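Predicted, not measured: the structure shown is a model, and the values here were computed from it. Side-chain atoms are counted along with the backbone in the values below, which use heavy atoms only and exclude waters and symmetry mates. Just so it is clear: chains get the letters A, B, ... in the order the sequence lines come, proteins before strands, and each one is counted from 1.
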2 protein chains.
Amino acid sequence: MNREKQEAILNKTEPAVRMEMQTFSEYLQKEGLKITNQRMLVAERIFSLHNHFTAEGLLEEFKDQRDQISKATIYRILSIMVSAGLLQEHNFGKDYKYYEHIIGHKHHDHIICTVCGKIVEFVDERIEQLQEQAAKDNGFKITGHSLNIYGTCIEHSSSGR
Amino acid sequence: MNREKQEAILNKTEPAVRMEMQTFSEYLQKEGLKITNQRMLVAERIFSLHNHFTAEGLLEEFKDQRDQISKATIYRILSIMVSAGLLQEHNFGKDYKYYEHIIGHKHHDHIICTVCGKIVEFVDERIEQLQEQAAKDNGFKITGHSLNIYGTCIEHSSSGR
DNA sequence: TTTGTTGCAAATCGTTTGCAAGCTA
DNA sequence: TAGCTTGCAAACGATTTGCAACAAA
């Protein structure tokens with residue numbers, strides 16, 4: 001990608017997103033990967049999203065754009081960003097994956113409404129603590145964890161029935 | 001399935017498994033479903049397993065048997081048993097599902113070794129408590145949850161490196 | 001130029017489904 | 001017998017991959 005295009009993209013993004021894209025660019029260079037138009041466009045879109053998304057949803061975002069991006073490329077970029085540690089993959093029990101970007105987004109767990117799919121994030125230091133303990137008690141060295149609570153949100157908890 | 005066959009299966013199973021199969025049979029009848037040879041064989045096998053398994057693994061168990069069972073049937077039975085509340089489905093981040101039977105098997109969470117796949121079960125009432133609280137605080141009515149801790153077990157935590 | 005990247009379509013892989021033949025009740 | 005089940009193969013849906021054309025360094 002030539003410098004003009006790259007700057008064109010960078011100029012219209014907010015500072016926070018810009019920094020994250022910078023981090024991504026550096027990762028690409030470090031790995032001997034190339035900084036392409038599609039990679040920057042997808043990264044920009046992802047860092048601008050402040051909720052969970054799917055590969056399909058991301059693809060959707062580019063549907064009516066002048067810059068269309070193929071499904072294969074979307075998946076390939078998602079994969080790179082996960083390796084780069086910029087993106088986290090989630091399994092919410094569906095048969096497709098959810099993603100969310102990590103930078104400026106501290107660790108948290110999820111509560112998912114099984115009716116409408118609404119996702120709420122939360123953290124409880126005490127739970128984190130206890131997990132750490134449980135792993136240690138069982139001789140494990142924690143590398144990560146995923147805690148998903150399933151239930152029905154206010155709007156969908158029919159109190160009657 | 002005729003009574004003889006059914007008894008033949010029942011007679012060689014341990015009491016606990018027998019009771020669980022009984023529960024399954026009752027569920028089938030209640031739902032107007034039929035008690036078939038394959039359903040009993042698969043149920044018996046499942047209730048005899050005391051660890052997590054996959055559809056593929058279960059199928060494997062019948063590979064060299066006189067009573068072969070098709071992949072489609074395996075999946076159909078798994079689905080029924082999940083609906084019956086006798087089997088729990090798990091998503092351990094792999095692209096296939098894990099199952100474990102529930103009867104005589106209280107709720108618990110999992111610690112999974114990312115190197116060897118070893119799965120350890122644990123429960124911490126305090127964590128359960130805190131989750132309940134977190135959901136309530138966010139206006140959710142909990143219907144279930146899944147807590148998976150990923151890490152490396154003693155044998156695979158290379159202390160160096 | 002050299003080497004990595006893209007888009008396309010075909011391939012995978014776990015899981016599901018249509019359908020004719022076979023059981024259960 | 002009537003109605004559910006089974007096995008088989010084909011269908012699915014998300015994700016991956018081979019390959020020729022193309023862009024970045």
Compare side-chain N and O positions of [X] against OP1 and OP2 of [N] and report whether any pair is under 4.0 Å apart.
| X | N | value |
| --- | --- | --- |
| A:Thr36 | C:dG4 | no |
| B:Tyr75 | C:dT16 | no |
| A:Thr73 | C:dT5 | no |

May I ask you to verify whether the side chain of A:Lys34 and the base of C:dT3 hold a donor-acceptor pair under 3.5 Å?
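In this structure, the two groups form a donor-acceptor pair.
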Please confirm whether any donor atom in the side chain of B:Lys97 sits under 3.5 Å from an acceptor in the base of C:dG14, or the reverse.
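In this structure, the two groups form no donor-acceptor pair.
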Given C:dT15, D:dT15, D:dC8, which nucleotide is nearest the side-chain atoms of B:Ala72?
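So the nucleotide nearest the side chain must be D:dC8.
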Nearest whole Å is fine: how far is [N] [atom2] from [X] [atom1]?
| X | N | atom1 | atom2 | answer |
| --- | --- | --- | --- | --- |
| A:Phe62 | C:dG7 | CZ | P | 11 Å |
| A:Gln38 | D:dA23 | CD | C1' | 9 Å |
| A:Ile69 | C:dT5 | CD1 | C1' | 12 Å |
| B:Lys94 | D:dA14 | NZ | C1' | 18 Å |
| A:Leu59 | C:dC8 | CG | P | 11 Å |
| B:Lys71 | C:dT16 | NZ | C1' | 12 Å |
| B:Arg76 | C:dG18 | CZ | P | 10 Å |
| B:Asp95 | D:dT16 | CG | P | 8 Å |

Aromatic plane relationship, A:His52 with A:His90 - under 30° parallel, 30 to 60° tilted, over 60° perpendicular:
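Ring orientation, 0 to 90° scale: tilted.
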For the residue pair A:His108 and A:His110, categorise the inter-ring angle as parallel (less than 30°), tilted (30 to 60°) or perpendicular (more than 60°).
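Plane angle over 60°, so perpendicular.
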If each of A:Tyr96 and B:Ile80 is mapped to the nucleotide of DNA chain D with the nearest heavy atom, which maps nearer the 5' terminus, i.e. the 5' end?
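So the residue in question is B:Ile80.
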For a quick test of reading the model, state the closest non-hydrogen atom pair linking A:Ile46 to A:His101 and the distance between them.
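Distance-wise, the nearest heavy atoms are O-CD2, 3.2 Å.
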Is there a donor in the side chain of A:Gln88 and an acceptor in the side chain of A:His107, or the other way round, less than 3.5 Å apart?
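Not at all, the side chains of A:Gln88 and A:His107 share no donor-acceptor pair under 3.5 Å.
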Counting the atoms with a prime plus P, OP1 and OP2 as sugar-phosphate, which does B:Gln29 contact under 4.0 Å by heavy atoms, base, sugar-phosphate, or nothing?
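If one applies the 4.0 Å heavy-atom cut-off, B:Gln29 turns out to touch nothing in the nucleic acid.
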Within the structure shown, what part of the strands sits under 4.0 Å from A:Glu31 by heavy-atom distance: base, sugar-phosphate, or nothing?
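Counting heavy atoms under 4.0 Å across all strands, no contact is made by A:Glu31.
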Distance check, rounded to the nearest 0.5 Å: B:Asn148 atom CG versus B:Ile111 atom CD1?
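Rounded to the nearest 0.5 Å, the CG-CD1 separation comes to 10.0 Å.
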